[in-house]
Amino acid sequence: MLKFKNKFKFGSSNIDKSPENSQSLSPRNSTDSRKTISVNNLSENVGNLNIKDEEAEQVEEQQQQQIEEPAVQEIISNPGLLTIKIYNSNNIKLPIQINNNKQILNALANNATNESTQQQLNNSLTKLDDEDLIPGSISTNYLPANITIPNGENLIKSLLYLTVEFDNNVLIIEPQRGTVHQSTWNQVVSFDVTKKIGVNNSNFLNLNLFIRLPNLLIPQLEKLNNKKSFTNNGSNIGDLLIGSIKLPINLKNISNPIRLMNHDFLKFNNYNLNLKDDYGEIMLTIDFKPLIKPHLSIDDFDLLKVIGKGSFGKVMQVIKKDTKQIYALKTLRKQHIISRMEVTHTLAERTVLARITNPFIVPLKFSFQSPEKLYLVLSFINGGELFWHLQKEGKFSMDRSRFYIAELLTALESLHELNVIYRDLKPENILLDYQGHIALCDFGLCKLNMSNNDKTNTFCGTPEYLAPELLLNQGYTRCVDWWTLGTLLYEMLTGLPPFYDDDVSTMYRKILQNPLKFPSFLENTDVQDLLIKLLQKDPSKRLNDAIEIKNHNFFKDIDWNKLLHKNYLPPFKPNVENLLDTSNFDQDFTNEKPQDSVVDDFLSESVQKQFGGWTYNGDNLLS
Ligand SMILES: Nc1ncnc2c1ncn2[C@@H]1O[C@H](COP(=O)(O)OP(=O)(O)OP(=O)(O)O)[C@@H](O)[C@H]1O
């Protein structure tokens, strides 16, 4: 994958906002990520922009940040460590029938990882009748939980696996031995609990049990009927969701270690298929230990891989030494932030991330600083950028586009509820998680304290996604986010943003003047109607309310509550082996040696003071 990932922001020294004079930027047909523009990073001359306004805005924002505490509606729990022990699973059934393909079943049985399972499976197989299909309720008796890959140098592959998710952090675990019907797991996982445990998805412990089924065992009919249950990543194995458990966890006011569950059995349901049966059970113990480490530092983490580069530093995959949790660590060099006048945007990113609790926004776990750098510890999301998937496939199907846009819509809605405008929606800032759900990242252009009709003037965004009112420098409201949502939907469906042109000045002119055109396959569809309403050049005529957009016919089949609980199975599952897997990241980065580079910048006390409220150790919402 050849991709120029070193995205950077630049100011009006590089860009003239008048449509006629703009220079050409990041053509869409190249593999470059499109660049975010922000008027703040003015290193040389400031062109024709009113820098005074921007400075005033920064000062005002900084003051407001210090004064205004968010209205926190979410459940607040004590920070600490949540530990889940998984012992065994019993009576697991599949929600589908499988092909009675003796050759494959025998091969799987003979490669079961331990001998007693091999014998047990072979015994069962001798009694299996010759019907073409095996019912889901008994099929698991003929499948091993894990196998040793033949000629794979003792490589073990699990057919069964469980994802354990808490506060948008996911761990993938595999059983030790047994059949799919009854397996021994004996696995322990831990989660760092921070104080911000929100509404919606994040105060649940979510367990999803999957099976990797060889395609030859999946009947054609089941593939068609159960499209919703299979996720497709193009390989010869289908990942089938067997069932889920959603367990509400309330850690409010717990100040001593406590056992929340003790060897209890929980039953799997299949919400996705709306099936009422249970699909077996799993035995768990759950413990919570309140603890706070007053100050985190880079020494609390082992650095594993470089996974990306941002404007001010690197993003690395790291492991937290005490809890063994994998995270993404974003480093930002203070000197760069100061010299590009990006303090406000940087603090806004940290503030928004610490406040927000939407399941489709990458959660911030901790933030800390050294004299030279700022650090953000985020959940590690490893399904790859939507940008990369879109480039690979050219465009997405209607269903797939609808799914992503629906999840993003709720993310933007929750930002707007906090009076935050996102301003930089584009496929480069959207990550897919291991299941294929959206995780919006990069909050470096957020604008805080923007209630419904408040206007701002800062010229920033990404050329292809700029709304007309922004180009006209007329001041703009949160409505720009709905324009960018429309642009993104159009790009997903057609492969290009609506007014795309290789030449940026022509593109700006088109955004301002050209009528919206549709390819024939979109004509007279619900999505065409929605796009027309989102891509209204006059913001006063644009759809301007998340509820109104949600109620549009294009989303008529979406149950928004089910969506918010992540109970829709994504239409596409990225290839992700486990949480250590970095194969969806650019090798140019992952081949780099992960290190926290030493810099000897000297910053005066008054400059350091500007970063005062940065630290977040899981106990404070805003320090
Ligand atoms: N939580 C995360 N999990 C996995 N990868 C991440 C995460 N956050 C960021 N990345 C990777 O690092 C890259 C850079 O991160 P990000 O976009 O936040 O940096 P930035 O400095 O704000 O970038 P920009 O210059 O575009 O504003 C992302 O494109 C993504 O590939």
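Atoms within a ligand are numbered from 1 in the order they appear, just like the ligands themselves. Since the structure is predicted, the reported quantities are computational estimates derived from the model, not experimental observations. Hydrogens, waters and symmetry mates are skipped; everything else that's a heavy atom, side chains included, is used.
Side-chain contact, Ser597 with Lys373: a donor N or O sits under 3.5 Å from an acceptor N or O. For the 3.5 Å distance criterion, the side chains of Glu491 and Tyr465 qualify, holding a donor opposite an acceptor. Between the side chains of Thr331 and Lys314, no donor-acceptor pair is found at a separation under 3.5 Å. Asp581 and Tyr434 form no side-chain donor-acceptor contact under 3.5 Å, judged by distance and modelled atom types alone. Between the side chains of Tyr327 and Asp192, at least one donor-acceptor pair of N or O atoms lies under 3.5 Å. In this structure, a donor-acceptor pair under 3.5 Å is present between the side chains of Tyr375 and Asp596. In the model, Lys334 has no side-chain atom that pairs as donor or acceptor with a side-chain atom of Gln610 under 3.5 Å.
Shown here is Lys392, whose NZ atom has more than 12 heavy atoms of other residues, nucleotides or ligands within 6.0 Å.
Every N/O-N/O distance between Glu349 and ligand 1 stays at or above 3.5 Å.
Set against the non-hydrogen atoms of Gly308, the atoms of ligand 1 under 4.0 Å away are 12 (O). Which parts of ligand 1 touch Leu378 is read off a 4.0 Å heavy-atom cut-off, strictly below it: atoms 1 (N). Near Val362, meaning under 4.0 Å from one of its heavy atoms, ligand 1 places the atoms 1 (N). Residue contact check: Ile307 has heavy atoms under 4.0 Å from atoms 4 (C), 5 (N) of ligand 1. Each of the following atoms of ligand 1 lies closer than 4.0 Å to a heavy atom of Val315: 9 (C), 10 (N), 12 (O), 14 (C), 15 (O).
Only the backbone of Lys309 comes within contact range of ligand 1, with a heavy atom under 4.0 Å; no side-chain atom does. With a 4.0 Å heavy-atom cut-off, ligand 1 is reached by the backbone of Asp442 and by its side chain too. Neither the backbone nor the side chain of Gln317 has any atom closer than 4.0 Å to an atom of ligand 1 (non-hydrogen atoms only).
The residue from Gly384, Gly383, Ala328, Ala439 that puts a heavy atom closest to atom 2 (C) of ligand 1 is Ala328. Proximity annotation for atom 6 (C) of ligand 1: of Ile381, Leu332, Leu431, Leu431 comes nearest, heavy atoms only.
Distances from ligand 1 to the non-hydrogen atoms of Tyr327 include no value under 4.0 Å.
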